[in-house]
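Notes follow the structure.
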Amino acid sequence: MDARPAENRPVREPGSNDFIRSIIDADNRSGTYGGRVHTRFPPEPNGYLHIGHAKSIVLNFGIAEEYGGRCNLRFDDTNPEKEELEYIESIQQDVRWLGFDWQDRLYYASNYFEQLYEFAERLVGKGLAYVDELSADQIRETRGTPTEPGTNSPYRDRPVAENLDLLRRMRAGEFADGSRVLRARIDMAAPNINLRDPILYRIRRVSHPNTGDSWCIYPTYDWAHGQSDWIEGITHSICTLEFENHRPLYDWFLDALDARTPGRPRQIEFARLNLGYTVMSKRRLLELVREGHVAGWDDPRMPTICGMRRRGYTPGAIRNFCRSIGVSKTNSQIDLAMLEFHLREDLNKRAPRVMAVLDPLKVVIENYPAGKAEQIEAENNPEDPSAGTRMLPFTREIYIERDDFREDPPKKFFRLAPGREVRLKHGYYITCRQVVRDPSSGEITELRCSYDPQSAGGSTPDGRKVKGTLHWVSVAQALEAEVRLYDRLFSVANPAEDAQRRNVDYKSFLNPDSLRVVEGCKLEPSLREAAPGTTFQFLRQGYFCVDSTDSSAEKPVFNRTVSLRDSWAKIERADKPT
RNA sequence: UGGGACGUCGGCAAGCGGUCAAGCCACCGGGUUUUGAUCCCGGCAUUCGGAGGUUCGAAUCCUCCCGUCCCAGCCA
């Protein structure tokens, strides 16, 4: 039981009751585990964590927290051919960043290799496992198909003593890689193919990140996972749907080892997270990195945790998202808008507001004194008064967003246009008097405006209304920066499935506009001290963070995390067809 | 054609035989607003993959059908 007083324990929100929590509730009622709840997050260290793993992390650690239980971090490192230290380190960093703590319970399946081997000898001793000498191809051929049963290996009925001897010699390194395997002796005619004498050990002379060269036989997932759960005292072993067919095997091994006591682990499967416009398989993510379609595992377009972190996502946003999508057994795909909603919700509360002009258009305020530079006090976050204020320089020459001016304004456009008056956020009202263009190209190069000295601070004594409020940056003090505008990585919702169906490479659906680099953006000078990784709201535009690897004082680089909702863009889009 | 699972609003997802089919996102209105942001208010499934059946009463139980996903790695 949780030692903390009830009021300090995380409270389960009503409505957050999913089928897994219902199972746990029932187990708690029946006393199956004596009220104990112990989960684990078991990544294989063969790649970086992505948003799909976040769902599992939030589920496993979240359940442990809610029930006053524990959650282990366990590396499922049974296949040294694919696993690397780099991944072991990044995974820990990502889980920690997401806000979870495994305390002193950092485990590896490889910690149990000796114990697992003893279990294997036990199975052999009971006549429940045998050493097979069939080749990989022969094993595949004799396994049968979903509709036809397999056939027994000629080595299936060896005496126990011979099997034991062979297994020990396998471990001792007497046989060549791939020449022998240890298989469970179950049923070659089982309708569930996983039960057709599955392999427990294979011979691989590969050095392991954790155990080095002390083993030349390695356990398979099926053999290692359930037993590791049992060793750790896991009560609820939560995994994804594709392991559903493995559950009978999970249970068979536990039975075979006489783990019949109450409290033996129980495997529960849920549907993995699918998101639109991206790919989630480690194989594909690795390929995108290796082939240079993205700048690395932490490219801000990647659905990896480190990519999202670099993009400007917050742990809280990811956690809220994972909690809000629910847990079920239905194969589903979550709308990207859901993720973005939680991102904006979190950032809206915490991101300081600043002004930045991405596509600058110069404005000269003709009746404002040339040498004058006022300091205007501006709030940092209307959602959070404790965020304080900062000073903004205001001068005769400023930049506004090119798109905030229309020479021929469409209906419902209430920004700047010839003769129109708008408010400069925190500043004055200005009216457009003249449009200056480049005589050769015809491009608008400058706007000549006048300001109303009475409108300081953004309102006038006569109380007249202006419909538009624009963001701006003073020319003389502007900080120049590069801004990277990110969009979805793929241009179709289901790149992997579409590719398979149409028999093309999923990479042909890569969105060519997933990154737009904008140079020469003008930022308010307060951003000069912005620390790498911090996220701001660029007023009226979106959330942007200082790129953690490419930004420098000499050349600031900002990533667009997510845009603000934009109902004007919606109106404009809707009006266009007419 | 074998086995395992899943099908409730555009996307998720509650619901576990008894007024009315939660909630969130999206979408559509309307209000507030020195961010066309935020915030607020309102709308949004006579119907639960389909067809039968059981019952006074079914999304919830039964039968059949349809659709989708997973399984033939010495990957996890």
Side-chain angles (χ1 to χ4, degrees), chain A residues 14-18 22 42-44 46 76 78-79 81-83 132 134-136 139-141 143-150 177-183 190-196 198-204 217-218 220-222 224-225 239-248 269 271 276 282-283 321 324-342 344-345 348-349 353 355 378-379 382-383 412-415 423-427 429 455 457-459 466-471 537-542 563-572:
Chain A
S16 73
N17 227 333
D18 51 71
S22 301
E44 183 191 11
N46 67 344
D76 223 326
T78 55
N79 182 8
E81 288 181 324
K82 295 182 181 172
E83 295 153 6
D132 199 351
L134 254 26
S135 69
I139 287 179
R140 180 168 19 86
E141 284 156 17
R143 187 154 23 224
T145 69
T147 51
E148 308 159 273
D177 282 14
S179 64
R180 283 168 179 76
V181 290
L182 182 72
R183 301 179 74 178
N192 181 339
I193 294 173
N194 290 299
L195 262 16
R196 320 243 261 230
I199 287 158
L200 275 56
Y201 278 98
R202 53 316 207 188
I203 306 173
R204 276 298 106 85
I217 58 171
Y218 290 101
T220 54
Y221 164 86
D222 283 313
H225 202 93
C239 62
T240 44
L241 247 30
E242 66 271 27
F243 293 102
E244 206 155 27
N245 295 330
H246 294 240
R247 179 152 33 95
E269 313 84 16
K282 285 196 219 172
R283 192 206 101 215
F321 167 73
S324 76
I325 55 177
V327 181
S328 74
K329 300 189 68 154
T330 316
N331 272 311
S332 60
Q333 185 175 65
I334 276 78
D335 200 327
L336 221 46
M338 186 73 117
L339 218 205
E340 294 185 342
F341 168 81
H342 287 284
R344 292 190 182 106
E345 180 185 56
N348 177 49
K349 285 180 289 189
R353 272 59 170 173
M355 293 200 284
E379 65 185 350
E383 303 290 323
K412 292 187 238 173
F413 182 88
F414 47 83
R415 276 114 92 145
R423 172 168 39 232
L424 295 175
K425 178 79 180 176
H426 303 302
Y429 290 3
S455 64
S459 59
V466 290
K467 295 203 64 178
T469 300
L470 310 187
H471 60 275
Q537 185 193 106
F538 286 4
L539 231 48
R540 303 206 304 134
Q541 308 198 85
S563 62
L564 247 29
R565 288 186 60 200
D566 187 352
S567 54
W568 163 244
K570 227 177 271 178
I571 294 168
E572 218 178 10

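These values consider heavy atoms only, across backbone and side chains, with no hydrogens, waters or symmetry-generated copies. Residue numbers start from 1 in every chain, and the chains themselves are labelled A, B, ... in the order their sequence lines are given, proteins ahead of strands.
- Note on A:Arg143: a side-chain N or O is less than 4.0 Å away from OP1 or OP2 of B:rC74.
- In this structure, NE2 of A:His426 is placed 9 Å from P of B:rU35, rounded to the nearest angstrom.
- Note: A:Thr78 OG1 to A:Arg204 CZ = 12.0 Å, rounded to the nearest 0.5 Å.
- With B:rG3, B:rA72, B:rC25 as the choices, the nucleotide that has an atom nearest any side-chain atom of A:Pro191 turns out to be B:rG3.
- Taking 4.0 Å as the cut-off between side-chain N and carboxylate O, A:Glu269 and A:Lys329 count as a salt-bridged pair.
- For the OP1/OP2 pair of B:rC74 and a distance below 4.0 Å, the side-chain nitrogens and oxygens of A:Thr220 include no atom meeting the criterion.
- Taking atom CG of residue A:Leu470 and atom C1' of nucleotide B:rG36, one finds them 11 Å apart after rounding to whole Å.
- Using P as the reference atom, B:rG10 and B:rG4 are 32 Å apart when rounded to the nearest Å.
- With centroids closer than 5.5 Å and planes inclined by less than 30 degrees as the test, A:Trp568 and the base of B:rG36 pass as a stacked pair.
- A straight line from CD1 of A:Ile571 to P of B:rG30 spans 10 Å, rounded to a whole angstrom.
- Shown here is A:Lys467, whose NZ atom has no more than 12 heavy atoms of other residues, nucleotides or ligands within 6.0 Å.
- One P atom belongs to B:rC24, the other to B:rU38, and the distance between them is 16 Å to the nearest Å.
- For the pair A:Phe321 CZ and B:rA13 P, the interatomic distance rounds to 11 Å; values are reported in whole Å.
- Here, B:rG11 and B:rA45 have their C1' atoms 14 Å apart, quoted to the whole Å.
- Look at CZ on A:Arg344: it is 11 Å from P on B:rA37, rounded to the nearest Å.
- When all heavy atoms of A:Ser179 and A:Ile203 are compared, the closest pair comes out as OG-CD1, 4.0 Å.
- Contact between the side-chain N/O atoms of A:Arg283 and the OP1/OP2 oxygens of B:rG73 is not found at any separation under 4.0 Å.
- When every heavy atom of A:Asp566 is checked against every heavy atom of A:Ala569, the shortest pair comes out as OD1-N, 3.0 Å.
- OP1 or OP2 of B:rC75 has not a single side-chain nitrogen or oxygen of A:Lys282 nearer than 4.0 Å.
- For the pair A:Thr78 and B:rC75, the criterion of a side-chain N or O lying under 4.0 Å from OP1 or OP2 is not met.
- To the nearest 0.5 Å, atom CZ of residue A:Arg540 and atom CE of residue A:Met355 are 10.0 Å apart.
- Residue side chain A:Arg140 does not reach the base of B:rC74 through any donor-acceptor N/O pair under 3.5 Å, judged by distance alone.
- A donor N or O paired with an acceptor N or O is found under 3.5 Å between the base of B:rU35 and the side-chain atoms of A:Gln537.
- Checking B:rU38, B:rG7, B:rU35 against the side-chain heavy atoms of A:Asn348 singles out B:rU38 as nearest.
- Note that CG of A:Leu182 and OG1 of A:Thr220 are 9.0 Å apart. Values are rounded to the nearest 0.5 Å.
- Side-chain nitrogen and oxygen atoms of A:Thr147 include none within less than 4.0 Å of the OP1 or OP2 phosphate oxygen of B:rG3.
- Of all nucleotides present, none satisfies the Watson-Crick or G-U wobble test against B:rA21 with each distance under 3.5 Å.
- Rounded to whole Å, the distance from CG on A:Asp335 to P on B:rA13 is 13 Å.
- Within the 4.0 angstrom heavy-atom criterion, base atoms lie near A:Lys425.
- Nucleic acid contact for A:Pro248: none, since no nucleic acid atom lies under 4.0 Å from a heavy atom of the residue.
- A:Arg415 contributes atom CZ, which lies 7.0 Å from atom CH2 of A:Trp568 (distance to the nearest 0.5 angstrom).
- Heavy-atom nearest nucleotides on RNA chain B were determined for A:Asn79 and for A:Phe413, and the one closer to the 5' end corresponds to A:Phe413.
- Side-chain N/O atoms of A:Asn245 and base N/O atoms of B:rC70 include a donor-acceptor pair closer than 3.5 Å.
- Heavy atoms of A:Ser459 sit under 4.0 angstrom from at least one base atom.
- As judged by a 4.0 angstrom heavy-atom cut-off over every strand, A:Leu336 is placed among residues making no nucleic acid contact.
- Looking at A:Asn192, its side chain has no donor and acceptor atom pair within 3.5 Å of the base of B:rG2.
- Among the protein residues, A:Leu241 comes within range of no part of the nucleic acid, since none of its heavy atoms lies under 4.0 Å from any strand.
- In this structure, A:Ser567 reaches the B:rA37 phosphate: one of its side-chain N or O atoms is under 4.0 Å from OP1 or OP2.
- Rounded to an integer number of Å, the gap from A:Asp222 CG to B:rG73 P is 13 Å.
- A syn orientation is assigned to B:rG73, its glycosidic angle lying within 90° of 0.
- If you check B:rG57 for Watson-Crick or wobble pairing at under 3.5 angstrom, you find it has no partner at all.
- When heavy atoms are screened at a 4.0 angstrom cut-off, A:Glu383 is found touching base atoms of the nucleic acid.
- Set against B:rA13, B:rC28, B:rC74, the side chain of A:Lys570 has B:rC28 as its closest nucleotide.
- Salt-bridge formation is detected for the pair A:Glu340/A:Arg344: a Lys NZ or Arg NE/NH1/NH2 atom is positioned less than 4.0 Å from an Asp or Glu carboxylate oxygen.
- For A:His246 against B:rA76, a side-chain N or O and a base N or O form a donor-acceptor pair under 3.5 Å.
- Base pairing analysis places B:rA37 opposite nothing; no Watson-Crick or G-U wobble pair with both distances below 3.5 Å involves it.
- Contact annotation for A:Tyr201: no contact, since no heavy-atom pair falls under 4.0 Å across all strands.
- Remark: P of B:rG3 and CZ of A:Arg247 are 17 Å apart, rounded to the nearest angstrom.
- Contacts of A:Arg196 with the nucleic acid, taken as non-hydrogen atoms under 4.0 Å apart, are absent.
- Closest to the side chain of A:Lys412, out of B:rC69, B:rA13, B:rG36, is B:rG36.
- The pairing partner recorded for B:rC6 is B:rG67, the criterion being a Watson-Crick or G-U wobble arrangement whose two distances lie under 3.5 angstrom.
- Sequence order on RNA chain B of the closest nucleotides to A:Phe341 and A:Ile203 puts A:Phe341 first from the 5' end.
- Of the side-chain N and O atoms in A:Arg565, one or more sit less than 4.0 angstrom from OP1 or OP2 of B:rU38.
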